[in-house]
Amino acid sequence: RSLFTLSFTACSSDDDNNKQPAPQITLNEANIEGDILCVQADVVAKGRTAAILLTITDKAGNVKVTCPVTDSKYIGVLNIDGFHVHVDIAGKNVEEGELLKMTVTDAEGQTVTAQKSITAEDDDDDDEE
């Protein structure tokens with residue numbers, strides 16, 4: 001009796017060489033304007049965007065608002081120049097100084113998160129991080 005075993009091993013180095021760089025996020029604005037949070041950003045995604053999630057947390061890190069972005073002009077695209085969405089924050093007690101986190105996942109499953117301190121609309125971006 002003889003036992004013959006044949007196995008195949010995939011080379012991951014081939015895949016790694018073709019992997020796109022992770023997305024890059026520049027959060028330009030996170031301003032409270034009445035009952036909305038105005039979010040503006042630019043995203044460089046060499047691999048198409050698969051998901052975008054906006055999260056607002058208080059200073060202790062507790063999540064107050066989550067907002068998945070599903071608009072086709074932002075999902076499934078390579079780069080987003082001028083990302084601009086309004087997040088409904090009515091009744092959520094979102095305050096100046098809390099944190100907006102923008103998480104972008106590309107088609108290859110790479111996830112990057114950027115964050116910015118939330119400001120009131122009359123602030124002129126003097127809150128640079």
State whether the side chain of [X] and the backbone N or O of [Y] hold a donor-acceptor pair below 3.5 Å, judged by distance alone.
{"X": "Asp42", "Y": "Gly82", "result": "yes"}
{"X": "Thr103", "Y": "Thr113", "result": "no"}
{"X": "Tyr74", "Y": "His84", "result": "yes"}

Do Val43 and Val85 share a hydrophobic cluster, counting only Ile, Leu, Val, Met, Phe, Trp and Tyr and linking them when any side-chain heavy atoms are less than 4.5 Å apart?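 Yes: a chain of side-chain contacts under 4.5 Å links Val43 to Val85.
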Connected via hydrophobic side-chain network under 4.5 Å: Ile75 and Val112: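 Same cluster.
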Check Ala45 against Thr49 and note the closest heavy-atom contact, atom names and distance.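 Shortest heavy-atom separation between Ala45 and Thr49 comes out as CB-CG2, 3.9 Å.
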Heavy-atom closest contact (Leu99 atom, Ser117 atom, distance):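 Leu99 and Ser117 have their closest heavy atoms at CD1-N, 3.9 Å.
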Just checking Glu33: does its CD atom have more than 12 heavy atoms from other residues, nucleotides or ligands closer to it than 6.0 angstrom?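 Counting other residues, nucleotides and ligands, CD of Glu33 exceeds 12 neighbours.
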Would the number of heavy atoms belonging to other residues, nucleotides or ligands and lying under 6.0 Å from CG of Asp81 be above 12?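 Not buried by this count: 12 neighbours or fewer within 6.0 Å.
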Could you check Asn31, Ile56, Leu54 and say which one makes a side-chain contact (heavy atoms from CB on, under 4.5 Å) with Leu37?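 The residue from Asn31, Ile56, Leu54 that satisfies side-chain contact (heavy atoms from CB on, under 4.5 Å) with Leu37 turns out to be Ile56.
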Among Ile36, Thr66, Val65, Ile32, which one satisfies side-chain contact (heavy atoms from CB on, under 4.5 Å) with Val87?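 Answer after filtering Ile36, Thr66, Val65, Ile32: Val65.
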Rounded distance (nearest 0.5 Å) linking atom [atom1] of [X] with atom [atom2] of [Y]:
{"X": "Cys38", "Y": "Ile118", "atom1": "SG", "atom2": "CD1", "answer": "12.0 Å"}
{"X": "Lys46", "Y": "Gln20", "atom1": "NZ", "atom2": "CD", "answer": "8.0 Å"}
{"X": "Asn79", "Y": "Arg48", "atom1": "CG", "atom2": "CZ", "answer": "10.0 Å"}
{"X": "Ile25", "Y": "Phe83", "atom1": "CD1", "atom2": "CZ", "answer": "9.0 Å"}
{"X": "Lys101", "Y": "Leu27", "atom1": "NZ", "atom2": "CG", "answer": "12.0 Å"}
{"X": "Met102", "Y": "Leu100", "atom1": "CE", "atom2": "CG", "answer": "8.5 Å"}

Are the side chains of Val69 and Leu53 in contact, using a 4.5 Å heavy-atom criterion?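 No, side chains not in contact.
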Flag the pair Thr57 / Thr55 as yes when at least one side-chain heavy-atom distance between them is below 4.5 Å, and no otherwise.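 Thr57 vs Thr55: side chains touch.
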Take Ile52 and Thr70, measure what side-chain contact (heavy atoms from CB on, under 4.5 Å) needs, and give me the verdict at the end. CA-CA 8 Å; Ile52 299 174; Thr70 57; over 6 Å; no
For residues 31-65, which residue pairs pass the ring pair (Phe, Tyr, Trp, His ring centres under 6.0 Å) check, not counting sequence neighbours?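 Pairs touching residues 31-65 that pass the test: none.
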By salt bridge (Lys or Arg N to Asp or Glu O under 4.0 Å) - contacts of Lys64 (at least two apart):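 Partners of Lys64 by the salt bridge (Lys or Arg N to Asp or Glu O under 4.0 Å) criterion, ordered by chain and then number, come out as Glu98.
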